[in-house]
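Ligands are counted one by one from 1 in listed order, and the atoms in each one are counted from 1 as well. Sequential numbering from 1 along the given sequence is applied to the chain's residues.
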Amino acid sequence: MHVLVTGGAGYIGSHTCLELLDAGYTVSVVDNLCNSSRIALTRVEELCGKKINFIELDLLDMQGLSQVFSRHPDIGAVIHFAGLKAVGESVEQPLRYYQNNLIGTLNLCEAMAKHGVKHIVFSSSATVYGTPARLPIQEDFPTSATNPYGRSKLMIEEMLADLHISDQTWQVVLLRYFNPVGAHPSGRIGEDPKGIPNNLMPYITQVAAGRLKELNVFGNDYPTIDGTGVRDYLHVVDLAKGHVKALEYTQKRSGVFIYNLGTGQGSSVLEMVRAFMEANKIDIAYRISPRRPGDIAECYADASLALRELGWQTEYGLTDMCRHAWNWQKNNPEGYPPSA
Ligand code: NAD
Ligand code: UD1
């Protein structure tokens with residue numbers, strides 16, 4: 001089957017393209033490269049010895065998008081990663097986030113409907129659970145949002161569910177990711193954040209590389225095992241495999257399918273720092289800083305539904321996540337080289 005991957009040049013998208021190609025799918029990617037490099041896809045092609053049909057295009061270009069489907073009438077499903085994802089930036093530039101994430105998805109769905117493609121897998125986030133009342137988090141927990149990024153995810157989830165109500169032949173999959181980290185074991189593709197990283201693991205790897213002086217641990221007075229924030233970190237390759245499983249399971253089923261993709265295990269910031277130091281035999285300088293506004297104390301998944309229905313569970317552990325994240329950073333200290 002031919003799968004269109006929006007945002008396929010990005011961090012999770014590139015790893016998913018590799019898994020799709022390895023599983024025998026034909027892959028087209030639409031990406032405007034606003035937060036990624038074409039080189040990621042060249043490396044995916046090198047890793048699996050197969051080609052990707054890359055189309056540099058903004059989802060806001062409705063006409064261009066429609067042409068993609070008319071030129072490739074065999075596209076049977078879409079995995080939709082394309083979106084802006086920085087929480088702080090979304091608070092400063094809400095209109096840009098709504099424009100890009102919502103209008104981009106609207107255009108995509110319109111183009112899909114016009115060409116009779118009704119199978120979509122969407123990148124949602126654990127952020128839609130807001131501050132959970134209980135742990136671990138199950139898919140039927142109440143949802144809420146505290147910032148424009150999270151709200152865009154929630155709105156898109158609802159829009160896709162409405163689409164299914166209006167036409168029950170749609171196959172809608174909402175994957176709520178917990179905290180993806182790490183990189184492909186080859187060290188050829190990985191996370192390449194622009195500027196100073198917001199997220200924990202890329203910050204740690206840049207401290208290890210000497211690009212940043214020390215890690216700020218945001219708060220040590222949370223009601224958690226050691227006072228620092230607890231999250232459910234999962235290996236990006238496991239996450240990528242979850243997309244292939246979700247695509248396969250929903251191939252012949254219509255409906256709205258919601259899955260948590262996480263390990264089910266929480267780790268604190270200090271546990272992550274220790275795991276990184278032990279896995280890679282490198283010291284990470286850190287200091288305790290004030291809490292980051294908007295952070296919650298603890299968040300981890302009940303991922304048993306994905307296991308029951310998709311047959312998916314994570315295989316990599318914390319040591320692999322830390323080792324592979326460092327292997328990527330070490331081999332690509334400045335991220336991907338500039339495109340020729
Ligand atoms: P990323 O920024 O690496 O990838 C997103 C890709 O989308 C980039 O290649 C970017 O160039 C592209 N893009 C953005 N807007 C576009 C547009 N209008 N038209 C075409 N391409 C566009 O991010 P990622 O970490 O790979 O995340 C992928 C998806 O998963 C995002 O939707 C993100 O919100 C979601 N998500 C990520 C995480 C995480 O921790 N990384 C967690 C939960 C959910
Ligand atoms: C963040 C976003 C979330 C988004 C996810 C993936 C916020 C509030 N949440 O999740 O919406 O889906 O990224 O992009 O931004 N930490 C430090 N020092 C750092 C960085 C992080 O101590 O320099 C701590 C945080 O306080 C948190 C943990 O590490 O306890 C993980 O942080 P992060 O990697 O940013 O992920 P989330 O906050 O879970």
Side-chain angles (χ1 to χ4, degrees), residues 5-16 29-38 40-41 55-61 64-65 79-91 96-97 99-101 103-105 107-108 122-130 145-147 149-150 152-153 156 175-181 190-194 196-204 206-207 212 214-220 222 224 228-234 236 239-240 243 261 266-270 272-273 286-300:
V5 183
T6 76
Y11 172 46
I12 307 170
S14 54
H15 288 81
T16 303
V29 166
V30 163
D31 200 305
N32 65 2
L33 303 180
C34 70
N35 196 37
S36 54
S37 164
R38 171 75 182 88
L41 295 177
I55 305 141
E56 187 170 341
L57 183 80
D58 196 310
L59 291 190
L60 299 181
D61 175 356
L65 202 50
I79 304 186
H80 178 35
F81 293 105
L84 299 174
K85 63 164 184 177
V87 173
E89 195 180 64
S90 82
V91 175
R96 182 169 161 239
Y97 269 67
Q99 167 92 345
N100 192 76
N101 294 2
I103 308 295
T105 307
N107 285 349
L108 175 67
F122 172 61
S123 301
S124 189
S125 165
T127 198
V128 302
Y129 295 113
T146 53
N147 56 67
Y149 166 73
S152 78
K153 291 290 173 200
I156 293 169
L175 299 181
R176 294 177 177 160
Y177 313 155
F178 281 68
N179 290 58
V181 296
E191 189 170 11
D192 182 14
K194 303 228 187 315
I196 297 175
N198 294 311
N199 297 118
L200 179 63
M201 185 59 101
Y203 205 106
I204 292 178
Q206 292 200 12
V207 171
L212 297 169
E214 62 188 359
L215 171 73
N216 293 297
V217 174
F218 296 142
N220 66 347
Y222 287 106
T224 60
T228 66
V230 166
R231 298 291 183 275
D232 185 339
Y233 298 93
L234 79 160
V236 66
L239 178 60
H243 290 74
L261 296 184
S267 305
S268 75
V269 177
L270 292 180
M272 288 302 281
V273 171
Y286 69 86
R287 70 187 172 107
I288 307 299
S289 303
R291 289 182 178 194
R292 181 171 64 178
D295 271 356
I296 58 174
E298 206 160 1
C299 171
Y300 53 90

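- At a heavy-atom distance under 4.0 Å, only side-chain atoms of Val269, from C-beta outward, approach ligand 2.
- Listed by number with element, the atoms of ligand 1 under 4.0 Å from a non-hydrogen atom of Asp58 are 17 (C), 18 (N), 19 (N).
- Under a 4.0 Å criterion applied to the non-hydrogen atoms of Tyr233, ligand 2 contributes the atoms 28 (C), 29 (O), 31 (C).
- Residue contacts with ligand 1 do not include Gly8, since none of its heavy atoms lies under 4.0 Å from the ligand.
- Note: an N/O pair closer than 3.5 Å links Gly10 and ligand 1 by distance alone.
- Residue contacts with ligand 1: Leu60 is excluded, as none of its non-hydrogen atoms falls under 4.0 Å.
- Leu57 counts as a contact of ligand 1, since one of its heavy atoms falls under 4.0 Å from the ligand.
- Under 4.0 angstrom from ligand 1, the non-hydrogen atoms of Ser124 all belong to its backbone.
- At a 4.0 Å heavy-atom cut-off, ligand 2 touches Asn179 through the side chain alone.
- Looking at Asn100 against ligand 1, only its side chain comes within 4.0 Å, counting heavy atoms.
- When each atom of ligand 2 is checked for a heavy atom of Asp295 under 4.0 Å away, the hits are 8 (C), 25 (C), 26 (O), 38 (O).
- For ligand 1, the polar-atom distance check against Lys153 finds a nitrogen or oxygen pair separated by under 3.5 Å.
- Per-residue contacts place Cys34 under 4.0 angstrom from the following atoms of ligand 1 (heavy atoms of the residue considered): 10 (C), 11 (O), 13 (N), 14 (C), 15 (N).
- If you number the atoms of ligand 2 from 1 as listed, the ones under 4.0 Å from a heavy atom of Thr127 come out as 11 (O).
- Glu89 and Tyr149 form no side-chain donor-acceptor contact under 3.5 Å, judged by distance and modelled atom types alone.
- Judged by the shortest distance from any of its heavy atoms, Ser125 lies inside the 4.0 Å radius around the atoms of ligand 2.
- Proximity of Phe178 to ligand 2 is not established, as no heavy-atom distance is less than 4.0 Å.
- Heavy-atom distances between Tyr286 and ligand 2 stay at or above 4.0 Å for every pair.
- If you look at Asn199 next to ligand 2, the close heavy atoms, those under 4.0 Å, come from the backbone and the side chain alike.
- Where the criterion is an N or O separation shorter than 3.5 Å, residue side chain and backbone included, Ser125 fails it with respect to ligand 1.
- Among the atoms of Val30, none of the N or O lies under 3.5 angstrom from an N or O of ligand 1.
- Geometrically, ligand 1 and Ile12 share a nitrogen or oxygen pair separated by less than 3.5 Å.
- Below 3.5 Å of separation, one finds an N or O of Asn32 facing an N or O of ligand 1.
- Proximity of Leu33 to ligand 1, defined as any heavy-atom pair under 4.0 Å, is confined to the backbone N, CA, C and O atoms.
- Ring centers of Phe81 and His15: at least 6.0 Å apart, outside the cut-off.
- Only the side chain of Tyr149 comes within contact range of ligand 2, with a heavy atom under 4.0 Å; no backbone atom does.
- The proximity of Asn198 to ligand 2, defined as any non-hydrogen pair under 4.0 Å, is limited to the backbone.
- For atom 19 (N) of ligand 1, the closest non-hydrogen atom of the protein is Leu59 N, 3.0 Å.
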